[in-house]
Every structure is written in C-alpha cells, then in structure tokens.
There are 2 protein chains.
Amino acid sequence: MVRKTKEDAELTRKRIINSARAVFLARGVSRSTLEHIAAHAEVTRGAVYWHFENKTEIFHAIRDQVFLPLIDRMDDSLTLASDVDPLTQIENSLCVTIDDLNNNIEMRQTYEIMMIKCEYVDEFSLVLQQILNNCSSITGKIKLAYERAEQQNLLSSKLTPLALALDTHLFFSGLLHMWVKDADGTMFRHQAKDLIKSHINLRRKQ
Amino acid sequence: MVRKTKEDAELTRKRIINSARAVFLARGVSRSTLEHIAAHAEVTRGAVYWHFENKTEIFHAIRDQVFLPLIDRMDDSLTLASDVDPLTQIENSLCVTIDDLNNNIEMRQTYEIMMIKCEYVDEFSLVLQQILNNCSSITGKIKLAYERAEQQNLLSSKLTPLALALDTHLFFSGLLHMWVKDADGTMFRHQAKDLIKSHINLRRKQ
DNA sequence: ATATATACATACATTCTTGTTTGTATATAA
DNA sequence: TTATATACAAACAAGAATGTATGTATATAT
C-alpha cells in the first residue's frame with residue numbers, strides 16, 4: 001500500500017506536521033525523535049524522511065504555519081483605517097492575539113513549543129534573530145498608532161510614542177510568556193484581557 | 001592522582017558546575033552530554049557521577065546558585081526602609097537586576113540558559129511552577145511599594161496598586177526576555193535602564 | 001502499454017550517550 | 001599503624017537515534 005496520489009501525499013505531510021507539533025509539545029523538541037513523530041502520524045520514518053530533510057525542517061514548517069500569517073494580521077489590525085481611536089486599536093490588536101491563543105489550538109501549542117519547549121542553539125539560534133526582527137517591526141506599528149493618538153490629543157503622558165510603544169511591546173511580550181507558562185490559567189490567562197485594558201488605560205487622558 | 005582532600009573535592013565540584021554552565025550555554029541543556037561537561041572541567045565522567053546523580057541535578061545546582069540569592073536581594077531592595085520614594089525604589093530594584101545581568105557573568109549565562117537554552121518538559125517542567133511562584137511573590141512586593149506610593153499621592157493614574165504591579169512585572173518580564181535574546185545589545189540591552197525609567201515615569205504624577 | 005518517478009516501508013550500519021561496574025591511590029579515622 | 005571510606009579514572013554493556021541504502025507497489029507520464 002504505497003505510492004499514494006499527490007493529495008494523499010500532501011495529507012501525509014500535514015499529518016506529520018501535526019504529529020510533530022503534538023510530540024514537540026509533550027516531549028520537547030530535543031527529546032522528540034523522528035520515530036516518535038512517525039509513530040504518532042502512523043507512518044514510518046521513511047515517510048518523514050521523504051517529506052522533510054530532518055527534524056529542524058519540520059520545526060520550521062510548524063513555525064511558519066503559525067507565524068507567517070500572524071505577522072500579517074498584526075500588521076493589518078494596527079495599520080488599517082478604523083473607526084475606533086488609536087489607543088483602542090492597539091488594545092484590540094493585543095486582545096485579538098489573546099483570543100487567537102485561546103481559540104486556535106495549533107497557535108497555542110506552537111507558541112508553547114517556541115517559548116518553553118525549544119533550545120535556541122545551533123540551527124535554531126537564527127530564529128532568535130527573526131524574533132527580534134518581528135519585535136522591532138511590531139513595535140514600529142504600535143509606535144505609529146501612538147503617534148496618531150498623540151495627534152488626536154488622547155495621551156495622558158509626556159512620553160514619546162516610541163517609548164510608549166517599547167513599553168507596550170515589552171508588556172505584551174511578558175504577558176505572552178506568562179500566558180504560556182500559566183498552563184492552569186489561574187494567574188494570567190483568565191485576566192489577560194483585563195491586564196491589556198489596564199495597560200492602555202494608563203495611557204489615556206483623564 | 002586521586003583521593004583529593006575535601007577542599008580539593010569541593011573545588012572539583014565547583015569546576016564541574018562552572019563547566020556545565022558554559023557547556024549548557026554553548027550547546028543547550030539537551031545536547032550537552034556529561035562527557036562534554038567532564039572534558040570542559042578536565043575530569044572524567046566518573047568525577048561527574050561522583051558529585052551529581054545526573055544532568056538534571058547539575059542543572060538545579062546552577063539554577064539555585066543564581067536564583068536563591070537573587071530572590072532575597074529583590075525582596076530586600078523593595079521591602080527595606082529607604083530614603084527614596086517608593087516609585088524610585090521600584091525603579092532602582094529593576095535597574096539593579098539589569099546591573100547584575102551586566103556585571104555578573106554567571107547570572108547572565110544562567111538567565112540565558114533558563115530562558116532560551118532549556119526545554120521545560122518532564123523533570124524540568126516543575127521549574128515552571130517555581131517561576132510562577134516567584135512571579136507572584138515579586139508582584140506582591142511591587143504592589144506594596146505602589147501602595148505606599150499611592151498613600152504618598154505620587155501616582156498619576158487611577159489604576160490600583162495591584163494592576164500597576166502586574167503591569168510592571170509583565171513589562172520587566174518582557175524586558176528580561178528581550179535583554180537575553182538581544183545578544184549584540186543593539187536593541188534592548190543598551191537602553192534597558194531608559195526603558196525602566198520611562199516605565200516608572202509613566203506612573204509619576206505630573 | 002510500458003517506463004519512470006513517486007511515496008513510502010524496511011533493513012542496516014554507525015555513532016552517541018547513558019548508567020554501572022570495577023579498579024585504585026590516598027586522606028582520614030580509629 | 002592499619003582499616004576504611006573517599007574521590008575519582010577507566011572499562012564495560014546496552015539501548016537510542018540518526019542517516020542511508022534498498023526494496024516495492026502504484027500513480028502518472030509518454
């Protein structure tokens with residue numbers, strides 16, 4: 001029972017990726033073997049080696065599946081014209097990400113893998129650079145929103161839009177890390193949106 | 001040349017720990033073998049197995065060496081009576097941690113290992129719980145400082161001390177993560193203290 | 001209809017890594 | 001002074017994990 005149709009093969013590929021995500025999450029990337037992944041996908045390592053060169057390539061496939069679309073959406077929600085004020089726009093874009101984490105299992109698992117089930121050495125260390133690049137990109141978008149807020153006289157503080165954006169970005173970065181670590185949800189997950197609201201309210205005039 | 005004196009043995013133990021830190025940093029915890037660590041310490045695995053049961057125990061030794069004293073100091077700088085105002089006290093305690101990271105190589109390397117060179121699965125997953133516990137402890141201390149600031153009418157906002165403390169903690173958590181990832185220092189390390197100042201200034205009246 | 005490339009499964013060889021066991025020189029206790 | 005425990009080194013055994021090589025049934029192209 002071999003030589004499937006192209007659609008079958010593509011399905012196998014996706015099953016391998018999904019299995020790898022589950023295995024990475026349960027055992028960590030390093031301790032996950034291609035045999036584990038293959039077994040979970042109900043194929044042999046032969047199939048895995050056919051579709052991927054090695055474990056690293058599977059890792060990147062998982063990452064790209066979640067993060068490539070994510071960046072675009074983050075961009076959109078901060079850049080697109082909107083009827084709400086810029087501060088609410090920032091608040092919403094952060095909340096949307098939290099919603100995504102809550103609703104999208106693949107995204108939640110991928111975040112967890114990237115944050116606490118992966119060691120950034122050797123082939124993985126270049127991912128760190130990508131993360132830093134995304135950060136400055138996102139910070140830039142937030143800064144633009146704060147500049148609009150400043151023009152509309154919505155800000156309470158004398159901080160520059162850049163300083164506000166960096167502070168917001170660091171806040172959200174910390175929130176995401178804690179969100180992931182707080183698996184039972186009692187400490188951060190249940191109040192994540194409230195924390196975002198407070199963070200933005202701190203900037204609002206009055 | 002065996003059977004050293006007790007002082008020699010303790011020295012060997014410390015050399016193993018220091019070597020493990022270096023090896024963990026370079027190769028990640030998972031890819032570091034006891035042979036790597038032993039070779040770096042210029043001993044054999046026999047010595048490693050004499051002093052430690054396995055790699056996990058070395059990991060915890062490294063962690064304890066840095067984090068046990070750290071918690072106390074963080075406590076002190078926030079709780080002890082001081083002549084500066086509470087907001088400056090918070091600011092200083094955060095800056096001190098940044099100074100520590102800059103000056104204390106062991107601490108810097110340990111942070112880097114814990115944050116991006118370790119997978120929190122199996123035996124390591126209970127560390128996550130410890131981290132969360134530390135977080136709520138630190139947040140509690142910051143909250144107390146904000147309460148004093150509120151009593152002294154130093155705060156600009158209508159946020160509760162708890163909300164302010166959580167926001168500060170998440171900000172600092174994000175800053176530490178970015179500080180570690182920003183290895184060349186161009187993005188966060190060089191302006192870490194300014195970011196802290198801005199964060200606190202946002203809370204100051206006027 | 002036949003040839004070929006595809007999509008795997010199976011088998012093999014090699015390298016790591018670990019844990020344990022054994023050996024041993026020497027501080028140290030008695 | 002002798003016995004014993006200490007602080008390792010060295011050797012051993014076993015299992016994992018990886019990559020590759022080989023086999024093969026069947027879509028698909030010609």
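Protein chains get the first letters and strands the later ones, always in sequence-line order, with residue 1 at the start of each. Keep in mind that the numbers below use all heavy atoms, side chains included, and drop hydrogens, waters and symmetry copies.
Rounded to an integer number of Å, the gap from CD of A:Glu10 to P of D:dA27 is 18 Å. B:Asp8 places its CG atom 9 Å from the P atom of C:dA27, with the value rounded to the nearest Å. A:Lys6 places its NZ atom 8 Å from the P atom of D:dT28, with the value rounded to the nearest Å. Between B:Glu57 atom CD and C:dG19 atom P the separation is 12 Å, expressed in whole Å. For the pair A:Asn54 CG and D:dT20 C1', the interatomic distance rounds to 14 Å; values are reported in whole Å.
Counting heavy atoms of neighbouring residues, nucleotides and ligands inside a 6.0 Å radius, atom CD1 of A:Ile105 does not exceed 12 of them.
Pairing each heavy atom of A:Asp167 with each of A:Arg203, the nearest pair is OD2-NH2, 2.7 Å. Counting all heavy atoms, side chain and backbone alike, A:Arg204 lies closest to A:Asp85 at NH1-OD2, 3.2 Å.
Here A:Trp50 does not reach the OP1 or OP2 of C:dC8: none of its side-chain N or O atoms lies under 4.0 Å away. The shortest distance between the side-chain N/O atoms of A:His51 and the OP1/OP2 oxygens of C:dC8 is below 4.0 Å. Between A:Thr12 and the phosphate of C:dC8, there is a side-chain N or O to OP1/OP2 separation shorter than 4.0 Å. Proximity of A:Tyr49 to the phosphate of D:dG19: a side-chain N or O atom is located under 4.0 Å from OP1 or OP2.
Comparing D:dC12, D:dA10, D:dT20 against the side chain of A:Arg45 picks out D:dT20 as the nearest. Of the candidates C:dC12, D:dA11, C:dT28, C:dT28 carries the atom nearest the B:Thr5 side chain, counting heavy atoms from C-beta on. Ranking D:dA9, D:dT18, C:dT20 by closeness to the A:Lys55 side chain, first place goes to D:dT18.
In this model, no donor atom of one side chain and acceptor atom of the other lie less than 3.5 Å apart for B:Asn18 and B:Arg15.
Nucleotides of DNA chain D nearest to B:Val48 and A:Gly46 differ in position, and the one nearer the 5' end is that of B:Val48.
Using a 4.0 Å cut-off on heavy atoms, the residues of residues 26-43 of chain A that approach DNA chain C are A:Val43, listed by number.
Ring pair B:Phe124/B:Phe59 is perpendicular by interplanar angle, where above 60° counts as perpendicular and below 30° as parallel.
In this structure, A:Arg45 fails the cation-pi test against A:Tyr49, since its NZ or CZ atom is not both closer than 6.0 Å to the six-membered ring centre and inside 45 degrees of the ring normal.
Salt bridge status for A:Arg31 with B:Glu123: present, with a side-chain N to carboxylate O gap under 4.0 Å.
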